[in-house]
Amino acid sequence: MFLPGKVGQVVQGELKFVPCGLHVEDGRIRLPESGQDGHRWILPGLVDVHCHLGMRGVEPVSRAELEEQGKADRDSGVLAVRDCGTVTNNAWVKSVAYLPRLIRCGRHVARFKRYIKGLPIDVDNQADLPQVLSHQAQRADGWVKLVADWIDRSMGREAVLRPLWEKAVLREAIAAAHEAGAKVTAHSFSHEAIDPLLEAGVDCIEHGTGMDEVQMQEAARRSIAVTPTLCQVGMFPTFAAPGRQKYPLYYEQMIRMWERRYEQVAQMVDAGIHIMVGTDTAPKPLHGGIGQEIAELEKVGLPGSEIVAAASWRTRNFLELDNLTEGASADFLCYHENPLENPRILAKPDEVYLRGRRYK
């Protein structure tokens, strides 16, 4: 099968549309030496790097419901998912050709009574954290998910977001995950949790709402990516409101981060941080809602080229997924207009191809 059109190729770190078209043979991409232009703009599939495939709240869903979640993501252009923590083993998804490619992070790992009940593996003794992360690395697909901070309710009315782990334990645990062959991504809202994560060698930060400009520059220097989850951060007033009277300092802390969310992501981009797109649990509908997160990045003021990079090719490179190169799996999207000029269409592809088969 040959598709005439403009193929998105990465040239010296920038996406260029080359008017050559592409062949699909046995589920693989073949790039012609000279081809035919057409009214298609062809991009590699989108990636949702903070997704909880197979969950509804903290409860696992049935296989049938998980399939519907995956199909909704696929039809929105999401052809790969990094499952950023789930209570169920959804590894079977990887053998289903019509569902997005899955990178599993295993279970969240947190301290006992310092995260959402029922969601993480709870570590009571901090000294056990390296062993737990190492074990999760063996069950996952090259990534593990660590919870780095949460509200400390033991402080009563003085309660705020606080780090969960001692610095020495954190360094040892991340090193153990690396030794086991996995990278570490960490949930972090607070400012105080960031420096220990950077010093310990974390690979990616989820949310990152407490980062200041110095920390951003250091993250960029270390090539640590950040998933801002702006839809989720937009829910901070709702998350904090029930504790406003009992935990007033926590409420104020959350509101301050919510108020500066767009400014902060713009600062991350200016610092050179690789921004990635992740939905978490906020979009409605939850699956198939990546367009809402993309719209939030538009509010930051990012140009179309940055949004496309965050949602597709640059993030695919970061996760070691194929782009539109010779012999790569035919996971791509077609548009009838240039998505660099109108990123709002990213989640509304006109054609969806996964493993060489067309689904839309």
Test question: given the 4.5 Å side-chain rule for I, L, V, M, F, W and Y, name all other residues clustered with V11, or answer none.
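Members alongside V11: none; it stands by itself.
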Report the residues that fulfil side-chain hydrogen bond (donor to acceptor under 3.5 Å, both in side chains) with [X], sequence neighbours left out, ordered by chain and then residue number.
X: N317; answer: N323
X: R111; answer: none
X: R162; answer: D152

Which atoms form the tightest heavy-atom contact between P100 and V93, and what is the distance?
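Where P100 meets V93 most closely, the heavy atoms are O-CG1, 4.0 Å.
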On a heavy-atom basis, which atom in H287 and which in A72 lie closest, and how many Å separate them?
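The pair with the smallest heavy-atom distance is O-CB, 3.6 Å.
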So, [X] side chain and [Y] main chain: donor-acceptor pair closer than 3.5 Å or not?
X: R153; Y: A159; answer: no
X: H52; Y: G85; answer: yes
X: H191; Y: G210; answer: yes
X: S312; Y: A309; answer: no

What verdict does the salt bridge (Lys or Arg N to Asp or Glu O under 4.0 Å) test give for R344 and E298, after you've listed the backbone C-alpha separation in whole Å, the side-chain angles of each residue and the deciding distance to 0.1 Å?
CA-CA 8 Å; R344 293 186 182 184; E298 282 193 282; 3.1 Å; yes
Heavy-atom check, side chain of [X] versus side chain of [Y], under 4.5 Å:
X: L161; Y: M254; value: yes
X: F332; Y: L324; value: yes
X: I255; Y: P237; value: yes
X: T185; Y: V202; value: no
X: I224; Y: I205; value: yes
X: V78; Y: V47; value: no
X: N90; Y: D83; value: yes

Less than 4.0 angstrom from a charged side-chain N to a carboxylate O is my criterion; do [X] and [Y] meet it?
X: E65; Y: R63; answer: no
X: R316; Y: D322; answer: no
X: R28; Y: E25; answer: no
X: E263; Y: R260; answer: no
X: R82; Y: E206; answer: yes
X: K360; Y: E351; answer: no

Give a yes or no on whether the ring-centroid distance for W150 and H187 is below 6.0 angstrom.
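Centroid separation for W150 and H187: below 6.0 Å.
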Partners of D331 by salt bridge (charged side-chain N to carboxylate O under 4.0 Å, His left out), sequence neighbours excluded?
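Only R101 meet the salt bridge (charged side-chain N to carboxylate O under 4.0 Å, His left out) criterion with D331.
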Apply salt bridge (Lys or Arg N to Asp or Glu O under 4.0 Å) to E59 and R56, showing your working.
CA-CA 5 Å; E59 299 296 328; R56 192 189 323 113; over 6 Å; no
Report whether V160 and Y251 are members of the same hydrophobic cluster (ILVMFWY, side-chain heavy atoms less than 4.5 Å apart, transitive linking).
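Looking at the clustering, Y251 is in a separate group from V160.
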Report yes or no: do I294 and L333 belong to one cluster of Ile/Leu/Val/Met/Phe/Trp/Tyr joined by side chain heavy-atom distances under 4.5 Å?
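Shared cluster, yes.
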May I ask you to check whether Y98 and E67 show a side-chain donor-acceptor distance below 3.5 Å?
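Present: a donor and an acceptor within the cut-off.
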H39: what forms a ring-ring contact (aromatic ring centres under 6.0 Å, His included) with it, not counting sequence neighbours?
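Partners of H39 under the ring-ring contact (aromatic ring centres under 6.0 Å, His included) test: none.
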